[in-house]
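Below: one structure, written as structure tokens.
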Amino acid sequence: APQNYDVVIVGSGGAGLAAAIQAHDEGARVVIIEKMPTIGGNTIKASVGMNAAETRFQKLKGIEDSKELFYEETLKGGQFKNNPVLLREFVELAPEAIEWLANHGIELNDITITGGMSIDRTHRPADRSAVGGFLISGLVKNINSRNIEVLLETSVSEILYENGAVAGVRVVDEYNDSRILNAKSVIVATGGFSANRELVVKYRPELDGFVTTNHKGATGSGIAMLEKIGAGTVDMGEIQIHPTVEQTTSYLVSESIRGGGAILVSQAGERFYNEMETRDKVSAQIIALPEKSAWIVFDEQVRMNNKAADEYIAKGFVVSAPTVAELAVKLNMSEHHTLEATLARYNNFVIMQKDEDFGRQTALRHPLSEAPFYAIRVAPGVHHTMGGVTIDTTTAVLDSQKQVINGAWACGEVVGGIHGANRIGGNAVADIIIFGILAGGNAAAYARR
Ligand code: ADP
């Protein structure tokens with residue numbers, strides 16, 4: 001017999017979990033469906049943090065920021081292609097989402113910066129660890145304390161639509177048994193499609209052969225299911241390559257390493273660009289180097305300020321040496337002294353707080369002078385799909401005529417339009433939490449009205 005719910009949530013990444021908690025707390029009977037054997041989706045791999053302006057934690061640190069500046073820098077980073085209405089909502093609700101997390105025992109009170117931003121507004125855990133694991137474990141605690149049902153290794157294969165409204169979903173479990181769950185609201189929080197090579201190459205043939213940082217569940221199935229019930233899509237060809245991906249493991253080297261003061265150098269040992277530019281631009285510069293890869297170089301102080309660095313060392317792909325000259329030898333740089341000269345010149349820019357070569361204006365944190373010195377070889381990898389289904393500011397899914405599809409909601413990376421042509425680091429976690437909370441509340445109210 002079919003089971004009845006108010007709200008079915010498809011996907012257990014940050015967007016789905018936030019939505020489920022909020023819908024439950026607003027009185028809805030909810031269930032989370034996850035096709036993979038574990039909770040957390042691609043969110044668990046999120047590294048740098050969550051952007052928000054005008055937050056309590058910024059004020060505590062004396063950081064002056066404004067929503068308007070956050071809006072403008074995100075729009076510029078997105079090459080002015082962002083949906084302005086969704087972006088306004090995003091910027092407006094970001095500080096409330098930071099508070100929502102804090103109220104749920106997930107405090108992001110340390111703050112760093114990412115490429116394309118002029119102010120420290122990327123919120124992360126107090127111990128400066130990667131945000132993803134911390135966020136998912138905190139959300140899961142909230143799921144468990146509420147006894148919210150989670151079905152793992154169960155995929156949604158179809159969204160049911162009858163008499164002008166969503167009626168539920170068809171699920172297929174690990175034994176290939178299919179059944180129906182009835183619900184007036186279905187929240188699609190299935191993430192992006194960076195791990196769907198065929199789809200990536202369909203929209204961007206030149207990305208054939210690129211590694212991806214994503215978990216293998218990032219296939220875009222939610223987009224296809226929503227399209228079947230009429231959903232519109234936007235910006236499907238806007239696919240982000242992240243500039244600093246370790247190629248043998250497809251491991252992302254967090255933007256917090258550059259945000260903590262690291263530089264990028266070529267095989268010749270020279271800086272070649274403003275490391276704090278947006279991901280699209282930094283990626284393009286790396287691809288333009290003869291070796292199509294770069295070294296991210298940092299010192300002991302950067303390592304100490306970023307827990308993620310220790311993860312990279314444990315993974316075995318960090319080269320280290322007690323002096324810069326010895327590091328250059330280990331990196332097979334033909335002119336051993338070039339790297340020393342590059343660091344000396346950069347360190348002088350830090351002291352002057354002025355990068356005369358490439359105009360880097362942020363994260364000129366400290367001279368890179370504390371041994372040991374570290375380097376990781378990096379090149380771009382497919383990281384985020386900015387495109388996806390169309391929604392309005394309530395997270396209701398819109399059809400191709402921009403009309404609401406009753407009972408269909410979407411939040412997180414499955415949605416298109418918010419980030420335009422290039423997503424700023426730290427804006428994905430903000431996106432999933434802000435719109436996850438909103439989707440949960442609105443889907444619950446709609447189902448119970
Ligand atoms: P977001 O960052 O938007 O929350 P994530 O990638 O973190 O997205 O999470 C999306 C989750 O949705 C992943 O765990 C993925 O395995 C799951 N998922 C994708 N498609 C389906 C589907 N058809 N049925 C159930 N779960 C799905």
Side-chain angles (χ1 to χ4, degrees), residues 8-22 31-48 50 90 97 130-137 139-140 143 149-160 168-174 176 178-179 181 186-196 199 212-229 240 252 382-389 391 395 408-419 423 426-440:
V8 167
I9 293 117
V10 194
S12 72
L17 297 178
I21 293 163
Q22 190 64 22
V31 62
I32 302 171
I33 315 294
E34 170 56 55
K35 70 175 177 180
M36 302 300 280
T38 53
I39 289 184
N42 215 54
T43 302
I44 209 164
K45 301 179 108 190
S47 63
V48 62
M50 168 164 164
F90 168 87
V131 73
F134 180 79
L135 182 64
I136 293 297
S137 74
L139 290 169
V140 166
I143 295 289
E149 198 180 346
V150 185
L151 304 178
L152 295 175
E153 292 183 88
T154 305
S155 315
V156 170
S157 59
E158 187 186 354
I159 299 168
L160 307 173
V169 294
R170 176 180 295 281
V171 297
V172 183
D173 68 16
E174 65 212 278
N176 226 8
S178 137
R179 64 202 163 94
L181 309 180
V186 173
I187 300 177
V188 178
T190 48
F193 59 90
S194 287
N196 186 334
L199 208 53
T212 180
T213 60
N214 278 217
H215 85 131
K216 67 177 199 290
T219 57
S221 66
I223 301 175
M225 286 191 290
L226 281 169
E227 278 187 300
K228 258 198 173 152
I229 62 165
Q240 174 167 79
L252 180 104
V382 175
H383 185 55
H384 187 95
T385 48
M386 276 77 70
V389 297
I391 60 166
T395 76
W409 312 87
C411 51
E413 197 177 342
V414 69
V415 170
I418 294 157
H419 307 290
R423 180 177 64 73
N427 275 359
V429 173
D431 178 359
I432 64 183
I433 301 303
I434 292 164
F435 290 104
I437 299 166
L438 203 57

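Each ligand, and each atom within it, is numbered from 1 in the order the structure gives.
Nearest protein heavy-atom neighbour of atom 25 (C) of ligand 1: Lys35 N, 3.3 Å. Of the protein's non-hydrogen atoms, Glu413 N, 2.8 Å is the one closest to atom 3 (O) of ligand 1. Of all protein heavy atoms, the one closest to atom 4 (O) of ligand 1 is Ala15 N, 3.0 Å. Nearest protein heavy-atom contact of atom 5 (P) of ligand 1 is Asn42 N, 3.5 Å. When only non-hydrogen protein atoms are considered, atom 17 (C) of ligand 1 lies nearest to Glu34 OE1, 3.4 Å. Residue, atom and distance of the protein heavy atom nearest to atom 2 (O) of ligand 1 are Thr43 OG1, 3.1 Å. Of all protein heavy atoms, the one closest to atom 24 (N) of ligand 1 is Val156 N, 3.0 Å.
Considering only non-hydrogen atoms, atom 8 (O) of ligand 1 lies nearest to Gly191 out of Gly217, Gly191, Gly222. Looking at Gly41, Ala189, Gly11, Ser221, it is Ala189 that brings a heavy atom closest to atom 10 (C) of ligand 1.
Distances shorter than 4.0 angstrom do not occur between any heavy atom of Asn214 and any atom of ligand 1. Residue contacts with ligand 1 leave out Gly192, since none of its heavy atoms falls under 4.0 Å from the ligand. Val10 counts as a contact of ligand 1, since one of its heavy atoms falls under 4.0 Å from the ligand.
Atoms of ligand 1 lying under 4.0 Å from any heavy atom of Gly412, numbered from 1 in the order shown and given with element: 3 (O). Residue Ile33 approaches ligand 1 through these ligand atoms, each under 4.0 Å from one of its heavy atoms: 25 (C), 26 (N). Heavy-atom proximity to Met36, at under 4.0 Å, picks out these atoms of ligand 1: 16 (O). Listed by atom number, the atoms of ligand 1 under 4.0 Å from Ile432 heavy atoms are 1 (P), 2 (O), 3 (O), 4 (O). Taking every non-hydrogen atom of Met225 and a distance limit under 4.0 Å, the qualifying atoms of ligand 1 come out as 23 (N). Close approach to His215 involves these atoms of ligand 1, each under 4.0 Å from a residue heavy atom: 13 (C), 14 (O), 15 (C), 16 (O). If you number the atoms of ligand 1 from 1 as listed, the ones under 4.0 Å from a heavy atom of Ser12 come out as 11 (C). The atoms of ligand 1 that sit less than 4.0 Å from any heavy atom of Gly40 are 7 (O).
Between Lys35 and Ser155, the shortest heavy-atom distance links the atoms CB-OG, 3.4 Å. The shortest heavy-atom contact between Ile432 and Gly14 is CD1-CA, 3.7 Å. Annotation for Ser12 and Ile32: closest pair CB-CG2, 3.9 Å, computed over non-hydrogen atoms.
Between the Asp173 side chain and the Ser178 main chain, no donor and acceptor come within less than 3.5 Å of each other. Between the side chain of Glu34 and the backbone N or O of Met36 there is at least one donor-acceptor pair closer than 3.5 Å. A donor-acceptor pair under 3.5 Å is absent between the side-chain atoms of Gln22 and the main chain of Gly436, judged by distance alone. Thr395 places no side-chain N or O within 3.5 Å of a backbone atom of Phe435 that could act as its donor or acceptor partner.
To the nearest 0.5 Å, the span separating NZ on Lys45 from CD1 on Ile136 amounts to 13.0 Å. Between the OG1 atom in Thr154 and the CG atom in Leu181 there is a gap of 9.0 Å [rounded to 0.5 Å].
Relative orientation of the His419 and Phe90 rings is perpendicular, given thresholds of 30° and 60° on the angle between their planes.
Within the 4.5 Å cutoff, the side chain of Ile223 has no heavy atoms near those of the Leu199 side chain.
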Problem set entry | Audit row: Cys411, Ile187, side chain to side chain contact (heavy atoms under 4.5 Å, CB included) steps and yes/no | CA-CA 7 Å; Cys411 51; Ile187 300 177; 3.7 Å; yes
